[in-house]
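Structure first, then comments.
Per chain, numbering begins at 1; letters A, B, ... match sequence-line order. Atoms considered below: every heavy atom in the structure, side chains included; atoms not considered: hydrogens, waters and symmetry mates.
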4 protein chains.
Amino acid sequence: MANSKFEYVRAFERPDPLLPNTFIVIRLDGRSFHSFSARHAFTKPNDIRALHLMNAAAAAVVRDLPDIAIAYGVSDEFSFVLRRETTLFERREAKLVTTVCSSFTSWYVFLWPQFFPETPLVPPLPSFDGRAVCYPALGNVRDYLSWRQADCHINNLYNTTFWALVQQGGMTTQEAEEELKGTFAKDKNEILFSRFKINYNNEPEFFKKGSVIFRDYTDVLPSAAAPDSSSPAAAAATAEAQETATTAVPREKSKTQIEKEKKRAKKAQVVVEHVDIIQDAFWEKRPWILGDR
Amino acid sequence: MANSKFEYVRAFERPDPLLPNTFIVIRLDGRSFHSFSARHAFTKPNDIRALHLMNAAAAAVVRDLPDIAIAYGVSDEFSFVLRRETTLFERREAKLVTTVCSSFTSWYVFLWPQFFPETPLVPPLPSFDGRAVCYPALGNVRDYLSWRQADCHINNLYNTTFWALVQQGGMTTQEAEEELKGTFAKDKNEILFSRFKINYNNEPEFFKKGSVIFRDYTDVLPSAAAPDSSSPAAAAATAEAQETATTAVPREKSKTQIEKEKKRAKKAQVVVEHVDIIQDAFWEKRPWILGDR
Amino acid sequence: MANSKFEYVRAFERPDPLLPNTFIVIRLDGRSFHSFSARHAFTKPNDIRALHLMNAAAAAVVRDLPDIAIAYGVSDEFSFVLRRETTLFERREAKLVTTVCSSFTSWYVFLWPQFFPETPLVPPLPSFDGRAVCYPALGNVRDYLSWRQADCHINNLYNTTFWALVQQGGMTTQEAEEELKGTFAKDKNEILFSRFKINYNNEPEFFKKGSVIFRDYTDVLPSAAAPDSSSPAAAAATAEAQETATTAVPREKSKTQIEKEKKRAKKAQVVVEHVDIIQDAFWEKRPWILGDR
Amino acid sequence: MANSKFEYVRAFERPDPLLPNTFIVIRLDGRSFHSFSARHAFTKPNDIRALHLMNAAAAAVVRDLPDIAIAYGVSDEFSFVLRRETTLFERREAKLVTTVCSSFTSWYVFLWPQFFPETPLVPPLPSFDGRAVCYPALGNVRDYLSWRQADCHINNLYNTTFWALVQQGGMTTQEAEEELKGTFAKDKNEILFSRFKINYNNEPEFFKKGSVIFRDYTDVLPSAAAPDSSSPAAAAATAEAQETATTAVPREKSKTQIEKEKKRAKKAQVVVEHVDIIQDAFWEKRPWILGDR
């Protein structure tokens, strides 16, 4: 269609491609969730309905965008890791981060009534800000996920102790805050156990570990040891091998290969688990997620 | 709280402040709205419910963020213009664009049942991508808005003619497309009038002009001619005067001033109009929006 | 010519266009000039040969790149201001900043023997780092230049007093530093006058004001009051008018116009002056530099 | 020292840190070297003096900045590769690229008389533009260098044939261009051999391979097989191992380690070689340059 003389303003748009061959992490954070959760009477320290809602929204986003290799969520935040070879939206930063952010928000509001059937949403509505960060090496992105899961533990231990002091110990929130100032992990464990008979180790994995979302290919792949050469596992291994190889010229995939992978991705179930992703075990068992070396 | 050794990964986050003293435009676009609108049986060429829903979501965002000076919407897109002096979120690009985008999406899904009481949302859910663009001069941001409104006109004339050929003329969509290939505005006007007795000028302003959303200070300000020195109009005038002055050292506002402005902003109604914003008249009447020079 | 399979690595280059319609300032700073100036026995507090060399190198850069509207230098730094409408190197940041930086360095080393005939260059050689900054409004770029000139004054007053204490007052550099700690401008003026009979106001303008380099059109333009419509003054006025106009659609220049301007630019002499650029007088007299409003 | 009210303009400077843990390549290109080389009567197709001058300038830059792992030059361009763990200038893009660019230019002009004793520099002076590009994986940066060396070969074969046609074959430059249009490598080899008895394989490695500059640790390291744990080789191995390890938390080096490495770097000679860097042999022999896997 015809254009107007005003179209020159498009030249002010800045290109924003993210560096190729890096893992792209998109992290969303709830905006003003402190007051939002209070207004909607979230259970403290963890509201299981709210966490399930976060996971359901995130899983929908993962299902929608096959280039997301894994997602990790805790509290009101969620991180989505895109494969290093992704060319989704030509890796344009704003497009990627807003699409994930908007899509997640859409699901969050849409699914709200399923998880909070008795609690209608009351404005100000929930919203999420987001950012994209690139990680050049496998170790870096593993460390990113470890950082978030370590944070989950630190925060959950604190919150569990804090709310025990308030809800069972009869303290005001200010008193509880004062009580915990300067304490270490073992102090908090001690408070929980001696005063409230709570063994932190027995707390639900859901709260201690957060939520890990990924495509489970274990049923799809005949064998982890000898994956078909066009399988996701093989693709991941290839990608990683390229990272350290003496050349990294991207290999073109045949249309048949791409089709095969798409079919497999559709068959694969998107699962939510509450497991350790700091140690190697999780990753060694699932080499297709980020690669096996 | 304590940090883990993994926290070094934060160093990979890139700072993204937008250039100070520029107008920031955040434009949202519906993702895959062609199929979304088909799936939800939108009326063609314009679905009044869908447009009202877009406007309601946008108005909620404008109400929420007083730094938005004006918003302009057409079809499945909306542009939000932030004042050039805004320091919202320290002008961080990702934070600004994702907050507006997520907030808009949240309202869109939340309000859906009000505007489509008979049409439940069916996944894939609606979502919006977004981008931020900086405009250094008043003329540039006026031209940006003119560009969008000129586009609205061009598209609406096309769509009105196209759907007349299909719905009233019995053409297939392909035949209609063929018919309109290479035609100019006057040709389309002619087709509409001679074949369907439609005078395009009499089409609703809503469709021809799109939607303009802003705070209406006309009731709040005692007189446009002599605004109080701490009024938004005066503030805007000051900002603009600085643009061409021999110095542009930012002036600190007193707390009283800031409080006064906040009160006025709350009193001011957020209005939705379907008017020309290409010509000067709209702007001269409302100097507080972008400034009066 | 043929390409290799390795050429995919070009995709890692990031586009870096600077925002259109902003003034681009490129500032160069001498690297390790403290030791460089000591090694080459620069006179303290100001070495007139070194300053003339800086100016000669900067003037050569200005002559080479007509899109530079004005340059300002002090000590071992120089700022070059490009017109807001420049499209030099498509406004690519790295290309602009490295070209100015490399070109300046080239002239500095090449001209060294003319200004330091008795002092051969001894490695480590002089070099300069650079950066580009965009300024959206005339007031901002005027303030930038005012900032540098105010800094020049502050530093020169300090250095003049410091070296008087050392060279004429017999203090060690450490004692002089101690003596000046916490002093205000009037204190330093007082020290200079009471102890060394130096009236700071009588110090050379060269040292107090730094160096301003620009094309002098006063001989070229028949009259400042009524400039020909294709003159640089008119062009500048146009550019500035656009800044505040209700539209800023860039006007295409005819080839004749461009040729005329080029001829005028060649005729115009590049001059070096040591004058105040904080007040309006300088700018009002030379409307062609940055525009007259 | 005191600041002025104008200092707010610093807020317009944008931070520009390059992504951590990526190889940084800085490539310089001669500006208008076609006319520069003609004006200074460079020998065609290769002027050995000009190439030696480029190498001398580059070697000086490499000596000056120990974070440069390797440099590669051909014709009027030079690429400098910084180690992926470098924190030089906090990895600020403009600072890095201008420092390398200015420093190189400075040496080029300074050393000119040594390499062109009979040919004084005549303005316009030589200058170089520059850019920085990040490469996330070892394979990518190897491919970058392979790209440049493959280009060197392609261009040198073309130029050798072109100038043989002109200088020995009596063609005009236009006729030679016409003659070579659409030819492949084997065609050019054939032209060289059948018409001019030139076996391209016997052309100097200098011209066919370009120039590779690096620190030679072979004399410094007692044994490549068992490097001391604080040796550069070990450091490189560590860096690379981290790339694929399950964690990449940066290890702090002790001061003793850093001192040791500095001493070794000083002892190590900066060498210029004309060898193949596309195959693995070069790299396997020198694991300290980019790492050994």
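Proximity of A/Trp147 to B/Lys5: side-chain heavy atoms (C-beta onward) are nowhere separated by under 4.5 Å. When side chains are defined from C-beta on, B/Ser106 counts as touching A/Pro126, because their heavy atoms get closer than 4.5 Å. A/Pro123 is listed as a side-chain neighbour of B/Phe110, based on a closest heavy-atom distance under 4.5 Å. Between A/Ile278 and B/Phe6 there is a side-chain heavy-atom pair separated by less than 4.5 Å. Residues B/Arg131 and A/Thr98 form no side-chain contact, since every pair of their non-hydrogen atoms from C-beta on lies 4.5 Å or further apart.
At a 4.5 Å heavy-atom cutoff, B/Phe184 makes no contact with chain A through either its backbone or its side chain. Using a 4.5 Å cut-off between heavy atoms, A/Tyr108 does not touch chain B at all. The contact between B/Trp107 and chain A is made by backbone and side chain atoms together, counting heavy-atom distances below 4.5 Å. Heavy atoms of B/Arg27 lying under 4.5 Å from chain A belong exclusively to its side chain.
For the options B/Leu145, B/Asp143, B/Leu96, heavy-atom pairs under 4.5 Å to chain A are most numerous at B/Asp143. By number of non-hydrogen pairs under 4.5 angstrom with chain B, the leading residue of A/Ala132, A/Cys101, A/Ala185, A/Ser146 is A/Ser146. Interface remark: of the candidates A/Val133, A/Leu125, A/Leu180, A/Asp129, A/Leu125 forms the most heavy-atom pairs closer than 4.5 Å to chain B. Ranked by heavy-atom pairs shorter than 4.5 Å toward chain B, the options A/Arg10, A/Glu13, A/His153 are led by A/Glu13. Ranked by heavy-atom pairs under 4.5 Å with chain B, the list A/Ala150, A/Gly130, A/Ala60 is led by A/Gly130. Among A/Leu28, A/Leu121, A/Thr183, A/Asp29, the residue making the largest number of heavy-atom pairs under 4.5 Å with chain B is A/Leu121.
Salt-bridge annotation for A/Arg31 and B/Asp64: present, with a side-chain N of the basic residue lying under 4.0 Å from a carboxylate O of the acidic one. Looking at B/Arg14 and A/Glu93, no side-chain N of the basic residue comes within less than 4.0 Å of a carboxylate O on the acidic one, giving no salt bridge. The pair A/Arg148-B/Glu7 does not count as a salt bridge, with every side-chain nitrogen at least 4.0 angstrom from each carboxylate oxygen.
The shortest non-hydrogen separation linking B/Asn140 to A/Tyr8 is ND2-OH, 3.0 Å. The shortest heavy-atom contact between A/Tyr144 and B/Val9 is N-CG1, 3.7 Å. Heavy atoms only, all atoms of each residue included: A/Cys134 and B/Phe12 are closest at O-CD2, 3.7 Å.
Side-chain polar atoms of B/Ser102 and A/Thr105 form a donor-acceptor pair below 3.5 angstrom.
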